[in-house]
2 protein chains.
Amino acid sequence: MLARDCFIAQAGLHLRLFRGHVSGMARKKNSSAETTRPRILDAALRLFARHGYAAVSMRQIATDVGVQAGTLYLYTPDKQSLLFELLQTHMQGLLDELATLPEAPSPLAALEDFTRFHIRFHRARRDAVFISYMELRNLEAEYFRKIEAMRQRYEAHLETVLERGKSAGLFVIPDTKLAAFALIAMLTGVNTWYREDGRLSLTRVEDIYWQMVRKAVGA
Amino acid sequence: MLARDCFIAQAGLHLRLFRGHVSGMARKKNSSAETTRPRILDAALRLFARHGYAAVSMRQIATDVGVQAGTLYLYTPDKQSLLFELLQTHMQGLLDELATLPEAPSPLAALEDFTRFHIRFHRARRDAVFISYMELRNLEAEYFRKIEAMRQRYEAHLETVLERGKSAGLFVIPDTKLAAFALIAMLTGVNTWYREDGRLSLTRVEDIYWQMVRKAVGA
DNA sequence: GTCTATAGCGAGATAGAC
DNA sequence: GTCTATCTCGCTATAGAC
């Protein structure tokens, strides 16, 4: 609680300092500054996914980026902020890309679009997905609520699709909320076993999962 | 490998010392010795599940049990052995209980039995399940392989059921392995949202999931 | 069988030189 | 903008008293 307030204050301060610095200078000669921060986030993403948030030290992240540990604190107020930013960026990207899906002509088409989108997006960002599911508990309460709210907006999209198909008499679903949970868990599960050099292409996997999804909702 | 042998040797040593002490004395007044080890495992299970293996300190486990940190090392050679024993015990329990399921009269009945068993068992041991999925990466290679092999034996059971139903013309399944992965992910997902005080009983949840499973395999 | 005490190490984070 | 140096803290694990 106290730690939380302290953290928010620090995050605000850091943001202000960082923006002021960028807008105040016209030079662009030393481009490492613009690329260091993304590289820190990339390294943190990969290391957190591989070893777990708690198991990764700031020193490891720094080594991976090629800077000293102290340098990290020019770009983030602390380790927790790094995690939160990764999760928030991931969830926002998920919602943004979902919003770009074209309006489907039918609930069935909308469900297929969602199925293929979910598999593709989650596969492409498997590290972020893994962190999103595993490290939520390491977020302080306020941050946790924000990420959780974004996740629920994503689930709500699928629920709406299912509800429409049910109302139109196309789907047979005993419980819309449970069906949404079940389908998302099933689709996300692809990440636990799929390998690029396996016997199936991702498109083929999409096809097979779509068949199972379609049958599961009784269409 | 070395660590494991070391652990067994030490556990044996400890057992011998302990027995010698008890048999040498007639008293039984201080019974804490028999209960301390299980209590350590219980505490570790709960804390690992809640905060993650790397985030939990031996001091926290000791505090939870009500002993000093140093005392833990009378019952386990190190922290990693604690994790491995929890995972192994869980997986063995899963396989043992699966083996007690009565022979089903048909592949459809066998699939229903599996579905309900999986939901019930995984719900009852959610902490161990969570650790099994999250903390595998914290195991050293040798330990990892052992747990992984047990998991594959469990999956093989479901694949066999699906294959039989497919051969009998009861199921329509484009790919048996993918269907097994998909169903297990879907069923395990119950743990992420189910609450004892929610609107649905676990039996009702089993019913609803079984309907979805049955339709997904085309039966 | 549990305690206190501590060795030895590495963590997160900060200060100030350049 | 990055470095070196360092503060303070908590960790795993061990030693030895009782």
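So you know, we letter chains A, B, ... as the sequences are listed, proteins then strands, and number each from 1.
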TODO: Using ring-ring contact (aromatic ring centres under 6.0 Å, His included) as the criterion, list what pairs up with A:Phe117, not counting sequence neighbours.
DONE: A:Phe121
TODO: Nearest whole angstrom, please: distance from the P of C:dA5 to the CD of B:Gln68.
DONE: 10 Å
Open item on the list: Run the side chain to side chain donor-acceptor pair (under 3.5 Å) test against B:Gln80 and tell me which residues pass, sequence neighbours left out.
Closed with: none
Open item on the list: Using OP1 and OP2 only, check whether a side-chain N or O of B:Thr71 sits under 4.0 Å from C:dG1.
Closed with: no
Open item on the list: Strictly by salt bridge (Lys or Arg N to Asp or Glu O under 4.0 Å), give each pair with a member in residues 147-158 of chain A just once, sequence neighbours left out.
Closed with: A:Glu148-A:Arg151, A:Arg151-A:Glu155
Open item on the list: Rounding to an integer number of Å, can you tell me how far B:Arg37 CZ sits from C:dG1 P?
Closed with: 14 Å
- [ ] Scan for salt bridge (Lys or Arg N to Asp or Glu O under 4.0 Å) pairs involving residues 181-190 of chain B, sequence neighbours excluded, and state none if there are none.
- [x] none
- [ ] With sequence neighbours excluded, give me every salt bridge (Lys or Arg N to Asp or Glu O under 4.0 Å) pair touching residues 92-101 of chain A.
- [x] A:Glu97-A:Arg125
Open item on the list: List the residues meeting ring-ring contact (aromatic ring centres under 6.0 Å, His included) with B:Tyr209, not counting sequence neighbours, and say none if there are none.
Closed with: none
Open item on the list: Looking at C:dG1, I'd like to know if its phosphate oxygens (OP1 or OP2) sit under 4.0 Å from a side-chain N or O belonging to B:Thr36.
Closed with: no
Taking N or O atoms only and anything under 3.5 Å, show me the protein contacts with nucleotides 9-11 of chain D, one pair per line.
unit_1: D:dC11; atom_1: OP1; unit_2: B:Ser57; atom_2: OG; d: 3.1

Open item on the list: Between B:Tyr194 and B:His122 (judged by ring centroids, cut-off 6.0 Å), do the two rings come close enough to count as a pair?
Closed with: no
Open item on the list: Quick test of your reading: applying side-chain hydrogen bond (donor to acceptor under 3.5 Å, both in side chains), list the pairs with at least one residue in residues 39-48 of chain B, sequence neighbours left out, ordered by first then second residue.
Closed with: B:Arg46-B:Asp64
Task: Euclidean distance, atom OH of residue B:Tyr73 to atom P of C:dA7 [Å, nearest integer] - done: 17 Å
Open item on the list: Rounding to 10°, can you tell me the angle the first-five-pair axis of the helix from C:dG1-D:dC18 to C:dC18-D:dG1 makes with its last-five-pair axis?
Closed with: 0°
- [ ] For A:Arg39 and D:dG1, give me the distance from atom CZ to atom P, rounded to whole Å.
- [x] 15 Å
TODO: Please report, rounded to the nearest Å, how far the P atom of D:dG16 is from the CG atom of B:Leu74.
DONE: 15 Å
TODO: Determine yes or no for a side-chain-to-main-chain donor-acceptor pair under 3.5 angstrom, with B:Arg37 supplying the side chain and B:Tyr75 the backbone.
DONE: yes
TODO: Provide, to the nearest angstrom, the distance between the OH atom belonging to A:Tyr53 and the P atom belonging to C:dA11.
DONE: 14 Å
TODO: Give a yes/no on whether any side-chain N or O of A:Tyr75 is located under 4.0 angstrom from OP1 or OP2 of D:dT2.
DONE: yes
